Structure formats: C-alpha cells, structure tokens
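The shown structure was predicted, so the numbers you read here are calculated from the model rather than taken from an experiment. In what follows, every heavy atom counts, from backbone to side chain, and hydrogens, waters and symmetry copies are set aside.
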Amino acid sequence: MKDSIIKDKSKDFALRIIKLYKYLTLASENKEFIISKQVLRSGTSIGANVKEALRGQSRPDFRAKMSIALKEASETEYWLELLYESDYIDEKSYTSIINDNLELIKILTRIVKNTD
C-alpha cells in the first residue's frame, strides 16, 4: 500500500516540479535558469528512484534506492527554499509545493526506517 502511495505522490510531485520549471524559465518575466534546473533534476529524481526501488532486486537494493529518493527530496527542499527566499516564487506557491515535498520526505523516511 505505501509503495503505491509513494509512487503516485512522487510522480505527481515531479509533474508539479516540471510545471514550476516551465514557469521559471518560460512564463516568468524574471527568468531563472540555474536553480530551476537544479530543482528540476532533484525533484524529478525522487520518483525515478522510487520507481527503481519498486523493481529492486533485493530488500537492501529497495532500501538503497528509497534512501536516494529521500536524499533527492531533501535536496529539492533546499532548492525550493532558495527560490522562495530569492523571490522567484511567491509565498502561496512555495507553501503549496514545499508541503508536498515535506510529505514525501515523511513517507520516504518511514519507508527507509522500516526496511531492514
């Protein structure tokens, strides 16, 4: 059950990150390319690592990939903070997307801790 929840939530989050990237690089008048590329990479990598974990060859492989997904989620949190604190995204947008990111971090933390 948790596996499908994390798979769905991480994919939905990746799609939000892609939209944020498009906004920052195409739609915004203050175009931002450096941090937006970083958040695109780390934010979409969460779901890619979750997908790999679900097809893992062993429990240690599963745990390792989920741990990488957790690290990517933590990195994404950092990039989102920078985008907000440098005024590239407004408070409403930041609050919404950071809450989704923090939810992923909580779920991934539980999965990693509960996998031997």
Side-chain angles (χ1 to χ4, degrees):
M1 186 70 150
K2 282 184 186 169
D3 292 343
S4 65
I5 290 171
I6 191 60
K7 183 178 86 174
D8 294 344
K9 286 187 178 288
S10 61
K11 186 175 184 180
D12 290 344
F13 185 74
L15 292 169
R16 285 195 74 187
I17 289 292
I18 291 167
K19 289 177 184 173
L20 175 61
Y21 176 78
K22 286 180 180 179
Y23 167 77
L24 291 169
T25 59
L26 301 174
S28 175
E29 47 185 67
N30 296 323
K31 295 189 184 340
E32 198 295 317
F33 298 99
I34 306 301
I35 300 170
S36 59
K37 189 70 165 187
Q38 294 286 2
V39 78
L40 176 68
R41 188 200 54 75
S42 64
T44 57
S45 182
I46 300 165
N49 280 289
V50 166
K51 184 81 168 177
E52 279 190 62
L54 296 175
R55 301 260 189 229
Q57 297 174 349
S58 64
R59 286 187 72 73
D61 186 35
F62 172 84
R63 187 176 196 279
K65 294 295 184 196
M66 285 296 188
S67 293
I68 294 169
L70 177 57
K71 288 178 184 180
E72 294 293 341
S74 294
E75 181 182 338
T76 301
E77 179 183 15
Y78 175 75
W79 297 124
L80 290 171
E81 288 170 357
L82 286 182
L83 286 168
Y84 172 63
E85 292 172 20
S86 60
D87 296 322
Y88 280 104
I89 56 176
D90 64 25
E91 186 174 359
K92 182 179 177 187
S93 299
Y94 171 73
T95 301
S96 175
I97 201 162
I98 200 70
N99 285 339
D100 285 352
N101 189 59
L102 293 172
E103 182 180 13
L104 286 174
I105 289 172
K106 287 178 188 175
I107 294 168
L108 288 164
T109 299
R110 275 194 310 254
I111 290 171
V112 170
K113 284 184 177 181
N114 292 326
T115 304
D116 299 70

To the nearest 0.5 Å, what is the distance between [atom1] on [X] and [atom2] on [Y]?
X	Y	atom1	atom2	result
Leu102	Ile107	CG	CD1	11.0 Å
Leu54	Ile6	CG	CD1	9.0 Å
Leu24	Tyr21	CG	OH	9.5 Å
Leu108	Glu72	CG	CD	11.0 Å
Asp116	Arg63	CG	CZ	8.0 Å
Lys71	Ser45	NZ	OG	12.0 Å

Handout entry: Among Thr44, Asn49, Ile46, the one residue meeting side-chain contact (heavy atoms from CB on, under 4.5 Å) with Ser10
Key = Ile46
Any idea which heavy atoms bring [X] and [Y] closest together, and the distance?
X	Y	value
Val39	Leu80	CG2-CD2, 3.9 Å
Thr76	Gly43	OG1-N, 3.2 Å
Asp61	Gly56	OD2-CA, 3.2 Å
Trp79	Ser42	CD1-OG, 3.6 Å
Ser67	Val112	OG-CG1, 3.6 Å

Practice task
Look only at the side chain of Ser96 and the backbone of Ser93, and say whether a donor-acceptor pair between them is shorter than 3.5 Å.
Solution key: no
Practice task
For Asn99 and Thr95, indicate whether the former's side chain and the latter's backbone hold a donor-acceptor pair under 3.5 Å.
Solution key: yes
Exercise for the section: Go through the steps to decide whether Leu83 and Leu20 satisfy the test side chain to side chain contact (heavy atoms under 4.5 Å, CB included), and finish with yes or no. Expected result: CA-CA 11 Å; Leu83 286 168; Leu20 175 61; 4.3 Å; yes
Practice task
Give a yes or no on whether Ile68 and Phe13 share a hydrophobic cluster (residues Ile, Leu, Val, Met, Phe, Trp, Tyr; joining criterion: side-chain heavy atoms under 4.5 Å apart).
Solution key: no
Practice task
Report the C-alpha distance between Met66 and Thr115 in whole Å, list the side-chain angles of each, state the deciding distance to 0.1 Å, and finish with yes or no for side chain to side chain contact (heavy atoms under 4.5 Å, CB included).
Solution key: CA-CA 10 Å; Met66 285 296 188; Thr115 304; over 6 Å; no
Problem - Test side chain to side chain contact (heavy atoms under 4.5 Å, CB included) applied to Asp87 and Asn30, step by step - result: CA-CA 10 Å; Asp87 296 322; Asn30 296 323; over 6 Å; no
Practice task
Could you note down all residue pairs passing salt bridge (Lys or Arg N to Asp or Glu O under 4.0 Å) where residues 12-32 supplies at least one of them, sequence neighbours left out?
Solution key: Arg16-Asp100
Problem - Min side-chain heavy-atom separation Arg41-Glu75 under 4.5 Å - result: yes
Problem - Heavy-atom check, side chain of Asn101 versus side chain of Ile98, under 4.5 Å - result: yes
Fill in the blank from the handout: The ring pair (Phe, Tyr, Trp, His ring centres under 6.0 Å) partners of Tyr84 (sequence neighbours excluded) come to Tyr94
Practice task
Please say whether more than 12 non-hydrogen atoms of neighbouring residues, nucleotides or ligands are located less than 6.0 Å from CG in Leu26.
Solution key: yes
